[in-house]
Every structure is written in C-alpha cells, then in structure tokens.
Amino acid sequence: GIDRTVMLWDVFSGKLKTTLRGHNKGVRCMAFAASSKVLVTGGYDYNLMVWNPYVGTSIHTMKGHTAQIVGIEIVGASHSQVISADSDGSIKIWDLSTYQCLQTITVGGIIALRCIVSVPIHKR
C-alpha cells in the first residue's frame, strides 16, 4: 500500500499473517510466481522486490526502472520470468532465477502508462 508495506492475509480466517516491509515508497502492484513460490512487488520507489511470503523476508531487489512501476506479470513456460512496466513506458523482462534484466522495451508516444495485462495462451 501507500504506507510502503504489503499485508498478507489468511483468506480462511481473515487474519493478518505477515506484513512485508522494504519499499522506500508506496507499493502499487504485485504478482505471485507459483512455480518458485515468490512474491514480486513494485511501486513508487522504481524497484521490484522479490519476497519469500512464507517467512516474510526480502530475497532480492531488482533495480533498473526510472519511473514508478505500474504493472507486474509472471510469464514464461516455467513462470520464471517477470515483466514489469513503469509509467514512462519502459517494459522490462527479468529472469527470476538470476534477477537479471533480459530485455528492455520502450513504448514511445504515450503520456503515461497506467497498467499492463498479459493473457496466457490457454486463456485466449
């Protein structure tokens, strides 16, 4: 949230399980990578943080964006890649096993990118 935290709740009991702290500014988006069981968050501090949500610890911070992150998607055959987009139109593809940026695509001619959506091939 805007308070720089991510709160994880138990959907069955309705109780707060843990609060993730580490962003320097508000958190705007997140995605869960089921295959590696990590949570990726992004927001107003331009960083992506990779978390182990089961113990509530940060694993890694991926840096490279120059504007607030507006969207995160987990993609790839083994769900080992992250796509992140920032409000200036930069889209980055990251490898979750090495935390390296694999590619950067810049979308020109936009005022401000607000979100991204991916549609898995089995949903098309």
Side-chain angles (χ1 to χ4, degrees):
I2 200 70
D3 65 351
R4 306 180 313 228
T5 66
V6 176
M7 295 179 174
L8 302 179
W9 300 83
D10 184 310
V11 296
F12 299 109
S13 70
K15 294 185 180 189
L16 180 65
K17 297 286 282 181
T18 190
T19 301
L20 306 177
R21 291 179 175 87
H23 280 280
N24 295 321
K25 294 184 179 180
V27 179
R28 180 170 173 160
C29 50
M30 66 184 76
F32 182 70
S35 61
S36 55
K37 295 182 175 37
V38 296
L39 181 68
V40 182
T41 60
Y44 297 95
D45 61 2
Y46 310 168
N47 296 326
L48 293 168
M49 294 190 73
V50 182
W51 304 88
N52 178 335
Y54 301 99
V55 295
T57 58
S58 172
I59 297 170
H60 194 78
T61 301
M62 297 186 291
K63 298 181 177 190
H65 281 284
T66 57
Q68 67 186 12
I69 297 170
V70 298
I72 300 171
E73 295 283 340
I74 307 296
V75 296
S78 62
H79 297 108
S80 62
Q81 293 180 342
V82 175
I83 296 176
S84 59
D86 67 33
S87 62
D88 283 346
S90 289
I91 299 169
K92 294 184 177 288
I93 301 158
W94 306 84
D95 185 319
L96 262 180
S97 62
T98 64
Y99 309 113
Q100 297 297 309
C101 181
L102 303 174
Q103 186 174 9
T104 300
I105 302 165
T106 303
V107 179
I110 61 168
I111 296 172
L113 189 65
R114 297 187 186 268
C115 68
I116 59 169
V117 175
S118 69
V119 179
I121 198 160
H122 67 276
K123 302 269 184 179
R124 293 183 187 161

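No experiment lies behind these values; they were computed from the predicted model shown.
- Hydrophobic clustering, defined by side-chain heavy atoms of Ile, Leu, Val, Met, Phe, Trp and Tyr closer than 4.5 Å, groups Phe12 together with Val11.
- Side-chain atoms of Asp45 come within 3.5 Å of backbone N or O of Asn24 as a donor-acceptor pair.
- With sequence neighbours excluded, no residue forms a side chain to side chain donor-acceptor pair (under 3.5 Å) with Asn52.
- With sequence neighbours left out, Ala33 forms a side chain to side chain contact (heavy atoms under 4.5 Å, CB included) with Ser36, Val38, Ile74, Leu96.
- The CZ atom of Arg21 sits 5.0 Å away from atom OG1 of Thr19, with the distance rounded to the nearest 0.5 Å.
- Legend: residues meeting side chain to side chain contact (heavy atoms under 4.5 Å, CB included) with Asp88, ordered by chain and number and at least two apart, are Thr66, Ala67, Asp86.
- Clustering of Ile, Leu, Val, Met, Phe, Trp and Tyr by side-chain heavy atoms under 4.5 Å joins Leu16 with Met7, Trp9.
- Residues forming a side chain to side chain contact (heavy atoms under 4.5 Å, CB included) with Ser13 (at least two apart in sequence, or on another chain): Asp10, Lys15.
- With sequence neighbours left out, Arg4 forms a side chain to side chain contact (heavy atoms under 4.5 Å, CB included) with no residue at all.
- Residues satisfying the side chain to side chain donor-acceptor pair (under 3.5 Å) test with Thr104, not counting sequence neighbours, are Lys92.
- Here the closest non-hydrogen pair linking Lys25 and Tyr44 is CD-O, 3.5 Å.
- The closest side-chain heavy-atom distance from Val70 to Arg28 is below 4.5 Å.
- Closest non-hydrogen pair, Gly42 versus Leu48, comes out as CA-CD2, 4.2 Å.
- The heavy-atom pair separating Ser84 from His65 by the smallest distance is OG-NE2, 2.6 Å.
- Scanning both residues, Gly56 and Thr18, for their nearest heavy atoms gives CA-OG1, 4.3 Å.
- Remark: Ser97 pairs with Asp95 by the side chain to side chain donor-acceptor pair (under 3.5 Å) rule, at least two apart or across chains.
- With side-chain heavy atoms closer than 4.5 Å counting as contact, directly or through intermediates, the hydrophobic cluster containing Leu39 also holds Val6, Leu8, Leu20, Val27, Met30, Phe32, Met49, Trp51, Tyr54.
- Residue pairs satisfying the ring pair (Phe, Tyr, Trp, His ring centres under 6.0 Å) criterion with at least one member in residues 86-105, sequence neighbours excluded, are listed as follows: His60-Tyr99.
- Atom OG1 of Thr41 is separated from atom NE2 of His23 by 2.5 Å, given to the nearest 0.5 angstrom.
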